[in-house]
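Heavy atoms only: backbone and side chains are in, while hydrogens, waters and symmetry mates are out. Note that ligands are numbered from 1 as they come in the structure, with each ligand's atoms numbered from 1 the same way.
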Amino acid sequence: MNILLEQIKLTNIPSFSLTRQNRILQKELVDCFLQVVNKGIFILDENVKVLENMVSSLCEVDNGIGVASGSDALNLSLMACDIGYGDEVITTPFTFIATAAAISRVGAKPVFVDIDPDTWNINADLLKKRISTKTKAIIPVHLYGCPAEMTKIAQVAKEHRLKIIEDAAQALGAKCNDKSVGSFGDTGCFSFFPTKNFGSFGDGGMVITDNAKIADKIKLLRLHGAKHKYHHDIIGYNSRLDELQAAILNVKFKYIKQWTIRRREIAELYSSLFQEHISACRLSIKLPLEPDYAYHVYHQYTIQTDQRNQLQNYLKNCGISSTVYYPIPIHLQKAYSSLGYCKGDFPIAEAACNQVLSLPMFPELKDEEVAFIVERVVDFFA
Ligand SMILES: *Cc1c(COP(=O)(O)O)cnc(C)c1O
């Protein structure tokens with residue numbers, strides 16, 4: 001009977017799910033919700049301040065500024081760094097659209113650099129070639145929770161006096177040579193979208209920075225340009241992190257380290273089980289790797305194979321969900337056709353779009369489920 005039940009459960013494994021976590025934390029989450037409701041202050045109160053302090057101390061920077069989303073964290077960072085019309089900003093074509101869209105939204109032009117085939121992050125060795133007199137900044141993305149090569153990127157930025165805005169939406173807690181991602185740049189940007197490693201019950205984001213001037217500017221920008229109510233120094237936005245979202249995140253913050261450890265355990269289990277089959281030549285897939293300089297937080301566990309679509313379908317029929325992040329590189333998106341890029345311009349990113357597949361990954365995923373997924377992948381290639 002028990003075995004039968006287990007098997008029924010094993011045939012419906014989501015790519016990502018918060019329901020197991022929410023069940024465990026239900027009482028704490030309901031309590032914090034009620035506290036905010038009873039106090040009745042919903043915008044920029046104690047919970048946002050507490051979270052700003054906790055995230056900035058986790059990353060060892062001076063300031064954290066809660067904003068409405070990860071996308072806004074990028075937008076406001078660019079504005080606070082005075083990047084706008086006529087400027088160029090270098091980034092990766094293999095990312096979520098928000099990275100490039102933020103650049104376009106401030107009137108600047110995104111300039112792409114192909115990725116490293118092993119980490120899928122921007123190739124730091126190719127940066128210099130794309131720097132022009134108009135280049136003002138670099139936005140590296142720590143994709144799937146794997147830190148980009150920040151030491152090299154920071155070196156290039158310093159030589160050419162470029163700003164760095166880190167898109168760390170997928171990588172809270174990740175480190176590069178023992179230093180937190182988000183703390184290398186002029187700003188670091190986080191997203192609290194529900195599916196991220198540290199997700200809330202809606203949209204939310206944060207900018208971290210050691211630069212007090214940038215911090216002040218972002219605080220102005222998120223609040224209609226006002227330091228004091230109804231006294232508007234600049235034209236700003238409405239981009240705040242809600243108290244309710246912050247309260248939920250404050251509950252979850254206590255667990256972030258243990259969740260990251262569990263994600264890393266799951267990744268290690270996937271890789272060691274796959275490796276047995278790869279070594280025996282029964283399987284030809286590329287596994288994610290953790291570079292020597294990196295502490296990877298495995299927002300995703302992503303593999304690469306030229307039979308991606310067939311594998312995804314096969315897994316679906318076995319009751320296993322998997323996801324493609326991302327099927328189309330930014331330079332080939334319709335929204336960016338005006339930039340005039342063609343197929344073949346960034347071959348590594350384009351191959352990744354056709355070949356990557358992210359397998360189920362969330363801290364509450366069970367070892368038996370990981371083993372079951374690996375077996376089904378092996379069956380597919382058998
Ligand atoms: C999620 C994400 C964003 C945007 O964050 P939102 O909170 O959804 O606006 C930006 N960049 C990357 C790489 C992301 O994964």
For [X], the ligand 1 atoms whose distance to one of its heavy atoms is below 4.0 Å:
X: Lys196; result: 1 (C), 2 (C), 3 (C), 14 (C), 15 (O)
X: Thr95; result: 13 (C)
X: Gly70; result: 5 (O), 6 (P), 7 (O), 9 (O)
X: Ser69; result: 7 (O), 9 (O)
X: Thr99; result: 11 (N)
X: Val141; result: 13 (C)

Geometric class of the His296/Tyr298 ring pair [parallel <30°, tilted 30-60°, perpendicular >60°]: parallel

Phe380 and Tyr314 aromatic ring geometry - parallel, tilted or perpendicular at 30°/60° bounds: tilted

Test item: Val370 and Leu359 side chains (from C-beta on) under 4.5 Å apart, heavy atoms: no

pair Ile285-Ile278: side-chain heavy atoms closer than 4.5 Å: yes

Polar proximity ligand 1 side, Asp72 side, N/O cut 3.5 Å exclusive: no

Test of proximity, Ser71 against ligand 1: N or O pairs below 3.5 Å: yes

Side chain, backbone, both or neither: the part of Ala98 lying under 4.0 Å from ligand 1 by heavy atom: side chain

Per-residue contact class, Ala169 against ligand 1 - non-hydrogen pairs under 4.0 Å: side chain

Arg264, CZ atom: more than 12 neighbouring heavy atoms under 6.0 Å: yes

Heavy atom of His299, distance to ligand 1 below 4.0 Å: no

Identified side-chain contact (heavy atoms from CB on, under 4.5 Å) counterpart of Cys81 within the set Ile165, Thr209, Leu76: Ile165

Side chain to side chain contact (heavy atoms under 4.5 Å, CB included) evaluation trace for Thr187 with Ile208: CA-CA 6 Å; Thr187 75; Ile208 60 168; over 6 Å; no

Minimum-distance protein heavy atom relative to atom 13 (C) of ligand 1: Asp167 OD2, 3.5 Å

Check against ring pair (Phe, Tyr, Trp, His ring centres under 6.0 Å), Tyr336 and His331: CA-CA 6 Å; Tyr336 277 115; His331 67 286; over 10 Å; no

